[in-house]
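Remarks on the structure that follows.
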Amino acid sequence: MGITVSRVSKRFADFVALDDVSVDVPDGSLTALLGPSGSGKSTLLRIIAGLETPDRGSVVISGRDVTGLAPQQRDVGFVFQHYAAFKHMTVRDNVGFGLRIRKMPKTEIRKRVDDLLALVQLDGFADRYPDQLSGGQRQRMALARALAVEPRVLLLDEPFGALDARVREELRDWLRRLHQQVHVTTVLVTHDQEEAMEVASRIVVMNHAQVVQIGTPAEIYDQPASDFVMGFVGRVNRLPGAYIRPHEVRICEPGEPGCAEAEVERFLAFGPEIRVELRLRENGQRLWAQLSATEQGMPDLTEGMVVGVDLSRARRVDEPAAAGGAR
Amino acid sequence: MSTPTDLVGPGVRQRAGSSTRTRLTLRTIALVYLGLLVVGPVALMTYSAFADGLRPVIETLTDRAFLHALKLTLIILAIAVPLNTIFGIACAIVVVRQDFRGKRVIDSMLALPLGVSPVVVGLALILVYGARNGWVGPWFMEHGYRIIFSTPAMVLATIFVTLPFVAREVIPVLREIGTDQEQAASILGASPWQTFWMITLPAIRTGVAFGVVLTAARALGEYGAVAVVSGKLAGRTETLTLHVEERWLAFDPVAAYTTSLVLAAMAIAILVIMRRLTPKEH
Amino acid sequence: MLNVADRPAAATHPRNVAPAVHSFGAPLLRGAVGAWMAVIVVIPLFAVAVAAFRRGPEGFWSAISNPQTVAALGLSFGASFVVVLINIVVGTVIAWVMIRDTFPGKFVVDALIDLPFALPTIVAGLTLIALYGPKSPVGINVAYTRAGIVLALLFVTLPFVVRSVQPVLAEIDEEMEEAAFSLGAGGWTAFRLVILPNLLPAILSGAGLAFAKAIGEFGSVVLISGNIPFKTEVGAVNIFNQIENDNVAGAAAISVVLLGMSMVMLIIIAIIEQRGGRHEHAH
């Protein structure tokens, strides 16, 4: 096991950040800690790194109990949301920092840094200062810096959070490919479910200082363990006492057995997706259905017409208290 | 660090609102006030120093009492400035990076020396270090150390009045840079000491330099606190500022003016350094 | 806000505090800083308080109710008050000119404002005597008068209000001023209703610092005032004379009063600054 977190609790004054949390991160995996603000995911990552000390519980990295160790002794790489670039050092000195601390000979440092800069596609930027890089370049530099010391695990704290949408998407793909090359056990903290789904092979969903579900992206999406997970991961329609994903709503003939009547309020088709906004006749409830443009046997939908909707795949609310947690 | 000067951009637009007349009136008020209060007096003193030609000026500058005062001032500077620089950086780290009871006390103590009259500083030191009735003065005296009416008291007085300058400059800078860089360094294996030297200190260096310059300026020009504890023994416990007063009271205005000019030149040099340190961008 | 990391609010977890990084030797550093502060500042000032009450409350009272002392403290307070009022008006005007006006040689003027910070106070006093003393080439002699004291205090307090107001004024949007003008407000009305309320905390904080400096001022005053009892002797000079006469208990008592006055001022500034700070956070 790459990282084993057992029964960790942490509170800041009167705020409970982590409440008896246990997580296993398999060796070589790319795991995402996903949750809304204040769910405790960053605190968990910082405890793994040694930047915070847990009140209770233990952290084991590659079979070594590191709970009482300082960050320097843990052999981890860490990437901060806001890059934490050493502003007074060149890119080369930033990336080589850990090696210099480890007293590696200068010529070797130089060679290793060059290799790493090639890996993160910053070949021509060695002598620039962080001010002269874009956000995405800075974050790639930070990644190279973290990888330089060949850490046992790589920890990323909202690494793309400060970047704009397009760069974020590019870096996601890039990170996934990099992980396939380097294969270091990686934990990524994010509040963006799309990012977690796209990048990670495993997702740990957190809410209110606790782990609520651990699984592959498919498991999390198709078999959410709670209403909170269902609402937080992927898009969802909320019905009284039940939830249904838009792609699970089936349009049928009005009056067909098992179908409710609904009025089409808006009909939007672009690309491969059709979005139908509906209003149920019996109670005025609004919901939307996501259909595939290639789907056959679809009646021609126009705004104002009445159709049937099959909501049989809706899931009942099982723990109403958690329903408010989604953003 | 946002200092006033970098906000005074040259490209101030002419606005419809404040009429040219208002602008000219206010500009005149400001310039006349500064002229009468600062420029006129300083200019006249400069002129007066050289009114009788260069010879008296040179005589003053080569006078033994003057040279001794210069030497003593520089000695005090050389002790007080480094000590308060180290203290100021340590204090800023404690106030910004540590969390403990009594932190607010230290924080508010930093404002204290700014509100204490220099004369009171001198008095306070006499009460503690006075050779006859001080709290610890007699003990030092028995062991052969005179504090009051001697260099140590003048150093202590200078340290007191310049205590907060470095800390007050560094604290906001330290807050601003945050902890990410330091944490990144420690995760990469740097010890706290390495992190301080390789990451923290380079990041706060402008703030430190600014604080050092302010400390030096104040240490150079301190008069009241030093006057009280020095005993004003000419040729022994006289700093440049005390020498100015002594020459003036001895009806030797040219020497007083000349010494003042030396101090003013140092002050202007310090101002120039301060300008250099003020970041131009951001 | 989408990009908020899930760290708890600053109140529960101060972002700047880094336990894991600096915990090494932290209590030691803390102790050293506290000890240095105690030796240099706290213990000596405590000694002043002790000495002030060495002869009991009566001794303290008789020292500060001495008519000459009352006159000196009154003069310090009164002169500082006048000086602060002048600074509030002229300091704000100078700050406005430095921000909103352009003219050749402005950078020289900007440097001039800092000169009183850097110039030794005794030199300041001397320059003023040279121009406004008995040998004044322009025929103005304020030596040995209260006007001379006010002049000296104006010199040493010049930068406080200007430097406090300048950055705030620079941040006040010119568009805000323009908006006021466009709504028909005249120059003065716009200033009073739009600019002044925003500047007030900065003006008051600068004024407070100027007051704290003026009330205890010694070096710039000592030569020009002549130190005539009941007439031109300020508080700090009174203390100095008591020390020279070996009356340290009396000197300590007056010091406590002087300290009290400037402490009250510094506390008021701290409160104003905190309010101002909250303002900033609000928007």
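Quick caveat: nothing in here was measured; it's all calculated off a predicted structure. Reckoned from all heavy atoms, side chains included, excluding hydrogens, waters and symmetry mates. Here is how names work: the chains are called A, B, and so on, in the same order as the sequence lines, proteins then strands, and each is numbered from 1.
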Looking only at heavy atoms, the pair that brings B:E245 and C:L223 closest together is CG-CD2, 4.1 Å

Do C:V248 and B:N133 come within less than 4.5 Å of each other through their side chains, counting heavy atoms only? no

So, the part of C:V222 with a heavy atom under 4.5 Å from chain B: the answer is side chain

Count the heavy atoms belonging to other residues, nucleotides or ligands that lie under 6.0 Å from CG of B:L249, then report whether that count exceeds 12. yes

Could you tell me which portion of C:V90 (side chain, backbone, both or neither) has an atom closer than 4.5 angstrom to a non-hydrogen atom of chain B? side chain

Non-neighbouring partners of B:Q181 that pass side chain to side chain donor-acceptor pair (under 3.5 Å), sequence neighbours left out: none

C:I140, part contacting chain B, at a heavy-atom distance under 4.5 Å: neither

Given heavy-atom pairs under 4.5 angstrom as the criterion, report whether the side chain, backbone, both or neither of C:I243 touches chain B. side chain

Closest heavy-atom contact between C:P120 and B:T241? CB-CG2, 3.8 Å

Could you pull out all residues at least two apart from B:R132 that satisfy salt bridge (charged side-chain N to carboxylate O under 4.0 Å, His left out)? C:D246

Side chain to side chain contact (heavy atoms under 4.5 Å, CB included) partner of C:I40, chosen from B:L156, B:L125, B:L83, B:N84: B:L156

Whether B:W135 and C:F46 hold their rings parallel, tilted or perpendicular, with breakpoints at 30° and 60°: perpendicular

For B:Y223 versus C:G219, what's the shortest heavy-atom pair and its separation? CD2-CA, 3.4 Å

What part of C:V50 gets within 4.5 angstrom of chain B, counting heavy atoms only: side chain, backbone, both, or neither? side chain

If you count every heavy atom of other residues, nucleotides or ligands that lies below 6.0 Å from C:F107 atom CZ, does the total exceed 12? no

Where does C:I267 contact chain B at under 4.5 Å (heavy atoms): side chain, backbone, both or neither? neither

Using a 6.0 Å cut-off, check whether atom OH of B:Y47 has over 12 heavy atoms from anything other than its own residue. no

Would you give the length of the straight line joining atom CG of B:L214 to atom CZ of C:F117, rounded to the nearest 0.5 angstrom? 8.0 Å

Return the CG to CD1 distance between C:L29 and B:I93, rounded to the nearest 0.5 Å. 6.5 Å

Examine whether an atom of C:I129 lies under 4.5 Å from a heavy atom of chain B, and if so say whether it belongs to the side chain, the backbone or both; otherwise answer neither. side chain

Part of C:V256 within contact of chain B (heavy atom distance under 4.5 Å): neither

Testing the basics here: between C:L126 and B:S260, what is the closest heavy-atom pair and its distance to 0.1 Å? CD2-OG, 3.2 Å

Any sub-3.5 Å donor-acceptor pair from C:S262's side-chain atoms to B:G115's backbone N or O? yes

What distance separates B:S117 OG from C:I239 CD1, expressed to the nearest 0.5 Å? 5.5 Å

Sort C:A32 into side chain, backbone, both or neither according to what part of it lies under 4.5 angstrom from a heavy atom of chain B. neither

Any side-chain heavy atom of B:L37 within less than 4.5 Å of one from C:L151? yes

So for C:V48, is it side chain, backbone, both, or neither that comes closer than 4.5 Å to the heavy atoms of chain B? both

Heavy-atom side-chain proximity of C:R54 to B:L127 below 4.5 angstrom: yes

How close do B:R23 and C:R100 get, counting heavy atoms only, and between which atoms? CD-O, 4.5 Å

May I ask you to name which of C:L258, C:L169, C:V123 has the most heavy-atom pairs under 4.5 Å with chain B? C:V123

Minimum heavy-atom separation for C:Y132 and B:P41, please, with both atom names. CE1-CG, 4.0 Å

Could you look at C:A236 and say if it's the side chain, the backbone, both or neither that has a heavy atom under 4.5 Å from chain B? both

Side-chain touch C:L119/B:L263, heavy atoms, less than 4.5 angstrom: no

Contact check, side chains of B:V228 and C:E244, non-hydrogen atoms, under 4.5 Å: no

